[in-house]
Protein chains: 2
Amino acid sequence: MAGRRPGNSGTRDEILAVARKLFSERGYEGTTIRAIAGGAGVNPALVHHFFGSKEQVFIASVDFPVNPFEVLPQLVAGGPPEQFGRRLATLIVEVWSDEQRRAPLLALLRGAMTGEPAGRTLRAVLEKVLMPRLEQAFGTTREVAATAFAQIAGIMLARYVIGLEPLASAPPAEVVEVLAPIIQNAVDTGRSGS
Amino acid sequence: MAGRRPGNSGTRDEILAVARKLFSERGYEGTTIRAIAGGAGVNPALVHHFFGSKEQVFIASVDFPVNPFEVLPQLVAGGPPEQFGRRLATLIVEVWSDEQRRAPLLALLRGAMTGEPAGRTLRAVLEKVLMPRLEQAFGTTREVAATAFAQIAGIMLARYVIGLEPLASAPPAEVVEVLAPIIQNAVDTGRSGS
């Protein structure tokens, strides 16, 4: 925080507010760092300084409860690839078990069920940020990654929204056991090149 | 149609309208054939005559696009258990590929995302009708059946609501390949008693 100047956090929030608006109105592809900077009345270099890439401004603007640019490389490097499924499943269950961190994910899913801007946002999170990282790390194809994310979303919806038993009352450790093989299977498909 | 008396179809529709209202207000457990008959001003025997059991009135009242009481036993008997996953996956993809038959399923899922009566209805369809039938046929546990249904729902949401590629544009035969092992895995878990 040493180099932080007064007013920075207001500017950062302003940039995020403009980014949220533009991504929602124009979609991921239609939004540029330049347009975000213009909307916030700042230099594009300042947007890069605060966030890095467009992907990172985007993830910050959707209130995603983890930073996948930090967390996914840590999980990939954090143990053998044969246990990546369990590591990611543990993180997913940890995030979803916390009501505050679950809320933005549920809002995204609920929104995607009923309206186009939220659907476009959720697609962009998956297609531009999460799926490419699985592809880079393990060679997982788009179809396999999309299927795994869809399966995980379905299980979280059943547990937290629909209240389907026994998933709704299952202890978190049991949900890890359900999710880990789904993710590991996707990873293994990529690693074996099939 | 030989024994059909004039006015029957009006009465049948009235019974369904009352059933829909009561199941939605009181839930599955809180609704009786007697109460439905009372609301429609008919004898309970007539409700049994038209529909059979309470489960069957319920399924008819939610506009479920197949009759699971007919279709599931046919699928179970229709070939070897090792290929049940493929048979059910084929049916699911057939139903979801038809916009008219997909609509009530999407309405149920969308409703369940945003409000309690639809959530309760969807839970009752799964917990009272579909999951017990997998249990009867293959010994599939509730947790395994619930997980399989959640995964399938997630894939259909990704394909038809969120529009996640490449699932959204995948040909139906490819979606069968995605769903079949999920169902077969659930069936096999039950059959092996694990």
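Throughout, a chain's letter reflects where its sequence line sits, starting with A, and its residues are numbered from 1.
Looking at B:Leu157, only its side chain comes within 4.5 Å of chain A, counting heavy atoms on both sides. Interface remark: B:Met131 contributes side-chain atoms only to the contact with chain A (heavy atom separation under 4.5 Å).
The minimum heavy-atom distance linking A:Arg123 with B:Gly163 is given by the pair CD-O, 3.1 Å. The two residues A:Ala112 and B:Val161 have their closest heavy-atom pair at O-CG1, 3.4 Å. Closest heavy-atom contact between B:Leu164 and A:Ala146: CD2-CB, 3.8 Å. Of all heavy-atom pairs spanning A:Leu167 and B:Ala150, the tightest one is CD1-CB, 4.2 Å.
Between chain B and the residues A:Leu106, A:Ile155, A:Leu126, the most heavy-atom pairs under 4.5 angstrom are made by A:Ile155. Chain B forms more heavy-atom pairs under 4.5 Å with one residue of A:Met156, A:Met113, A:Arg159, A:Arg142 than with any other, namely A:Met113.
Heavy atoms from other residues, nucleotides or ligands lying under 6.0 Å from CZ of B:Arg86 number 12 at most.
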Can B:Glu165 and A:Glu143 be said to form a side chain to side chain contact (heavy atoms under 4.5 Å, CB included), step by step? CA-CA 8 Å; B:Glu165 292 297 359; A:Glu143 178 162 12; over 6 Å; no

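To the nearest 0.5 Å, atom CD of residue A:Glu174 and atom OG1 of residue B:Thr147 are 9.0 Å apart.
Counting only heavy atoms from C-beta outward, the side chains of B:Ile182 and A:Gln151 approach each other to under 4.5 Å.
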